[in-house]
Every structure is written in C-alpha cells, then in structure tokens.
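Since the structure comes first, as structure tokens, the remarks are kept for the end.
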There are 2 protein chains.
Amino acid sequence: MTETAPRPTLEAVAALAGVSRATVSRVVNGGDGVREALVTRVRRAVEELGYVPNQAARSLVTRRHDAVAVVIAEPETRVFADPFFALQLRGISKELTAHDNQLVLLLTEGRDDHARVGRYLAGGHVDGALVFSLHLDDPLPGLIQHAGVPTVFGGRPGWSESDGDAVYVDSDNRGGAREAVRHLVGLGRSRVAHITGPLDQTSAADRLDGFRDVMPDADPRLVEESDFTPAGGERAMRALLDRRPDVDAVFAANDLTAVGALRVLREHGRRVPEDVAVIGFDDMLPVAEQADPPLTTVRQDIEGMGRLMARLLLGRLGHRTDRDAEGTSAGVVLPTTLVRRASA
Amino acid sequence: MTETAPRPTLEAVAALAGVSRATVSRVVNGGDGVREALVTRVRRAVEELGYVPNQAARSLVTRRHDAVAVVIAEPETRVFADPFFALQLRGISKELTAHDNQLVLLLTEGRDDHARVGRYLAGGHVDGALVFSLHLDDPLPGLIQHAGVPTVFGGRPGWSESDGDAVYVDSDNRGGAREAVRHLVGLGRSRVAHITGPLDQTSAADRLDGFRDVMPDADPRLVEESDFTPAGGERAMRALLDRRPDVDAVFAANDLTAVGALRVLREHGRRVPEDVAVIGFDDMLPVAEQADPPLTTVRQDIEGMGRLMARLLLGRLGHRTDRDAEGTSAGVVLPTTLVRRASA
DNA sequence: CGTCGAGGTGAGAGCGCTCTCGCTCCCGGC
DNA sequence: GCCGGGAGCGAGAGCGCTCTCACCTCGACG
C-alpha cells in the first residue's frame, strides 16, 4: 500500500504565501475582498503545494456537503435491463458536476434497505436527494419526507394527493399517449388496442389515461395490462389477438413491450403497419430504431429529465443555478414528441 | 424549506447517559471495553435523541470516509444502451452497503472531466476507487495511479505491462471465446467468422485472441472489426457475407452485435442455425433470450464482477471482508459459461 | 496485607477548516 | 488637520468527533 504523503493544509499554504489562514480561505472560496496581488500570491502557493481543501473539515463547519444522494428503489432486475436510469443518471451527473456537487448513489432492494436509506438521509451526509419512486405503495417517499432532506422526485409520486408540496419531474405521459393514439386514429384505425405497463406505476397509469382520453368508448377487451418487458408484450399481444382478432392498431406502453408485440404479430402473419399499426413509448434508440419494422414511438427526453431534477434540487439548496429553476414548488412536466418511423 | 432541527451531538448523548463523550464514542463504534450496563444506558440515550454521528467530524479525525468512488469513463452514449454497467453497479452497491460504505458515482466524458476526476480522487474525499477503464489509450488509470488512491479496475487495463501491481477483475474473455468457437467447430462448422468489438478495448481484443487460439489459420477475411452495437453487427455481417458467402458460423463479440448479424442473415435468407450458426457473448438476458432465434452465448457474471471488485477494494482498505479477497495483488479473472440456446 | 496489573472511564488535545470580530490603514469630507 | 468609514487582513474560537493518556478501581498474587 503506497503511503499517502500528508496533504498540505491551509496553514501550509498560508505560511508559504506569507498570509493568514483566513486570507487563504477567502481566496480559495472565491477571493472577494482580497487584493489582487495577494490573490495571485496565494494562488501560486496553492498551485505549488498542490493544495486541495479537506472537504470533511469544511463540511464540519459549513454544514454543507456539496453532495446529493440519488436513490433508486427497485427490487427488480428489469429496471437495469433498460437504459432509462442510466440516461437519467447521466443527466443528473452532468448537472451536478457542473455545480461541483458529488453524486452518492443509493440502490435499494427490499424493505430493510429502505430503513438504511432513511437513516443515511436523516444522517445529514448529503444536502439533498433525488428519488426515483416507482410504485404507488412505496414507503420510501414517506421516509424521506420524514428525514427532512430537500428532495426532488423522478416521476410523479403516487401519493401526490396526500402531500401537496412534493417537487417532481415527469414526462407528459398522458399527453404523449394521447398524441400516439390520435396518430393511430388519424391513420384511419378504429380498433386500437393498448398494452399497458404495470398500473401501480404512475407512468403506466398516466399512459392508460391518455389512451382513454382519446378512446373513451374503447372495448375493455382492447386493453391488456402488461409489465414493460418484451416477454410481457408478447403475452399481451397474444391475449389481444385472441380476444379481438380484428385489432388494427396497438399502442404499447413502452418500446420493449412494442417489440414483443411486433414479434407476435409477425408470428401470426399480420403485416405491420399494413394490417396492424404499432406505436411504442420512450424512443429507446437501440430498441426502437433496430426494431423490425423500425418503431414509431413517443420520445421522452430522459437525460433532460435527469438534468432538470438536479437543477431543481440545486435551486432548492440555494445554488442559484439559473433563473428558470427557481420558485418551482410543485411538479414539472416535460413535453414528449412523436417520432414517426415505419411501424405506424 | 423545513428548518432542520439541530442534530444531537455526542456531547448531548453523553450528558443524557451520564457518561463522558469518550465512552459514548466507544459504544457507538462497537462498544468494546465498556461495561454492559453502560453500553445499554448509552444505547438508550442514542435511541432517545435519535443520534446519528456526524460523518464529517468523524472523517476529519479518522481520515477515513467509508466511501468509494466508482469512475465510469465513457464518452459514448452506447455504454448506457447496454445494461453492463448497471449490473456491475448493482453488484458493487450490494457489497459496499454490506460494509457500510457509500458509493460516489463519477461519470466522465471527455478530457476535462479526467482532470476533474483526478483532482477529486487526489482530494482525499474517498477511501478508494473502482475504475472502469475501457480504452487502451485511456489516460485515466495513470491519473489515478498518480493520485495515490487504492484502486481496483474493472476489466484488464490496457497498460498492464507498464505497471505490474494493478488490481483488476475481468471475465475470462479469451477462454470464453475459445469455448464458443470450439462449440461451433464441434457443430461441424469450418468457416467460422468473428465479428469483433472495438479492438482498443481489452475485452474485445481478448475475445479475438480466443478466436484465433482455436482458428489459427482462419482466413483474415472471416474477421471483421465492429463496435458492440446492433447496427455495427449488421454492417459487419454484410461485409462478411460479401467476402465469404460460404460462411457457416459466426462468433459475435457480444449479444447486441449477434442480434444485428441475425437480422442480416435473415434478410439474406440464411437460416439460423441450419445454414449459419451464431453465437454471442455476455448473455444479456432480454437481448439473448428474446432474439430470434434465442441466442446461444457466453455468459459472464457481470454482477459478480462488480461484487468482487468491491470486495477486493475493501480488502485493500483493510476492511477484512472475508478470507478470500485478501492478498490479491494482481488480476482476478472470472470464469465464463456457454449457454446453449437455439442459434448454435 | 501490600503491590501490581488489567480493565474501565474521563479529560483534553487536536483534525483542518470557516467565520466573526476587531485591528490597521488609507481615503475623502468638513 | 481631524475624524469617520470602508476595505483588507489576522487572531481566535469553535464545528463534532476520535484517541491518547492518565487516573481510578478492583481482584489476584506473593
């Protein structure tokens, strides 16, 4: 194990620059109220010694940590199979590093982990939290609220009624779904089916609502609940074909499901889009673009959601990111766009 | 903004329990050398006040942080399109939380980020680092070595010759590739092609080496470099069919590439596996299982790699995880297994 | 019955930083 | 020529914790 040389302290820099610790501190933290000459002298000393502030000592007195927790609660492997979180993380990461904040990742699976996360957040290790709460019955949001840590949620939390001041970022799932279904109707399709996601997730529920907005009188047999996976999409499509062989369009709750549906349709000899038009959701590139035929889908800006979440949180933490993010005390809903490819 | 109540300190707990700070500290950190009676009294006080140690204050004196950085250097979006990192992260996360360590995620894109990461690691914010260094010419490993932070690499770093004491965890890419190609040969195929990954990554290079181990005399026209993506797989497969229409087996460097190849083969009217046997690498479940036909592939235990990386690092940090991880000063290579499905 | 040592406990000195407060110095106004 | 005030800088007091070391109390041993 390499012995790490004792890192230089403020004191050392101060000595070298011939000033007091206070002055060095001032320079390191922006340098206001210090004469230009001294600033450069201190800067040089910092450079020479390779001084890096000790974050622990700093946090001890400032009570800030310049760190944000990202909590991803997901017992299922499935989540990791789609790049959704990865993209959000990327957006979050970019925004956080742009403001010199660190990203502490907390992955949870199961109840005991929840307690751990609650303790960690309550422990004041981070300045705020970004939480992905997927399920309606998730106890995590409650725990976090209780911990008193500024939080922004990814996706609309299920319990929005019970607690008004939750800040969240979401895609316009309902609006996107409406646009998709309208597109299908515009193509002259009248027997439009919908393969939903797990309805205990708000995103899936909202997409179903969007579907119903456009097709209020749809035969209930044209709606099949599924689980956002290709295999689930296959099962659902089979059920749908079984019940309503005359189906002429399918709005799948996400791209993976759509891919499963495509496979079953092909298997049953239905041509897409001629016999059955198919439309997905997410615009997960490798999936949607490589599907056969390439998938028409509703794009959501996942990385942008991540960035926005981070920006909102930093705003709440007083980071004065930009004018825009300030003052938001409820949810922000990002628009979606329909991407036309070959399948509808 | 909810005003956070001033959190109780050691002092407060000590006062309530009627002991000194030192004793409370002892109890909080394990409680050795303190009478049972006092231990319970202190524990009760901790409970009552909801005391949580201030990590900053603790780190300031112990110089430990109980935090590990995970550095993922990847300028490309591609990485996020496959769940590789997500799974590794999951394994890492499990292992770290099991030992009460936090995971600080550092995503980098581009050179300036490297400097940032270097500074962060050198800054002594974390006890160690887990680094995914994908490319041969990546300057990151050097920077990190320079920062003097205990590090475990994910995947064999390219510069292993220049620096012997790098600890890394890798899959047996070469052995897995050998097994795959032998399987194809065992099927009676003699014109086996290989679609490689980007050869500036050790994993891709090693798989190519494995291919060559079994097919030392292969026509160079049967090897086509690609990029681990489905689109790249399509391109490569087309090139291969063009040059050697008589190809009767394909070993693709990963599953995504294999899927692209499958598509092109189907397009060209070749039956899989009758006319051309196809084999992938990774066993990315949603991809491999849902492929048409389901993909025979080489499975690597990605989550296990993550766990092992974390365990090795914690071992180096003196965490005494388990007997096993100790004393490893070089690389650890995890076995792969061939998963037979329909495509070969 | 005195002595020694082991086991428990508390006092106190920092860890490296920030931030308040007070001192100094210099400028402009009367 | 004196005074008020602002700008620039330093001294010093902590932030909440750990850890050394001295002290104290026993039980065991000679």
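A, B, ... follow the sequence lines: proteins, then strands. Residue 1 opens every chain.
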When N54(A) and G33(B) are each assigned the nearest nucleotide of DNA chain C, the 5'-most assignment goes to G33(B)
Considering heavy-atom distances to DNA chain C, does V34(B) or Y51(A) have its closest nucleotide positioned more toward the 5' end? V34(B)
OP1 or OP2 of [N] under 4.0 Å from side-chain N/O of [X]:
{"X": "R58(B)", "N": "dT18(D)", "result": "yes"}
{"X": "T62(B)", "N": "dT18(D)", "result": "no"}
{"X": "R63(A)", "N": "dT18(C)", "result": "no"}
{"X": "S20(A)", "N": "dG10(D)", "result": "yes"}
{"X": "T23(A)", "N": "dG10(D)", "result": "yes"}

Quick check against the 3.5 Å criterion: does D127(B) have a side-chain atom that pairs as donor or acceptor with the backbone of D66(B)? yes
Backbone of R156(B) reached by a side-chain donor or acceptor of D170(B) within 3.5 Å: yes
If you check every side-chain atom of P53(B), which of dG16(C), dC17(D), dG10(C) has the closest atom? dC17(D)
Against the side chain of L60(B), the closest entry in dC15(C), dC9(D), dT9(C) is dC15(C)
Quick one: bend of the helix from dC1(C)-dG30(D) to dC30(C)-dG1(D) from 5 pairs per end, to 10°?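 Comparing the axis at each end, I get an angle of 50°.
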Hey, which of these two, R21(A) or V24(A), hits DNA chain D nearer its 5' end, going by closest nucleotide?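 Looking at DNA chain D, the more 5' nearest nucleotide goes with V24(A).
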Which heavy atom of N101(A) sits nearest a heavy atom of A67(A), and at what distance?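 Closest approach of N101(A) to A67(A), heavy atoms only: OD1-N, 3.4 Å.
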Q55(A) CD to dC17(C) P: how many Å, rounded?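 Result: 10 Å.
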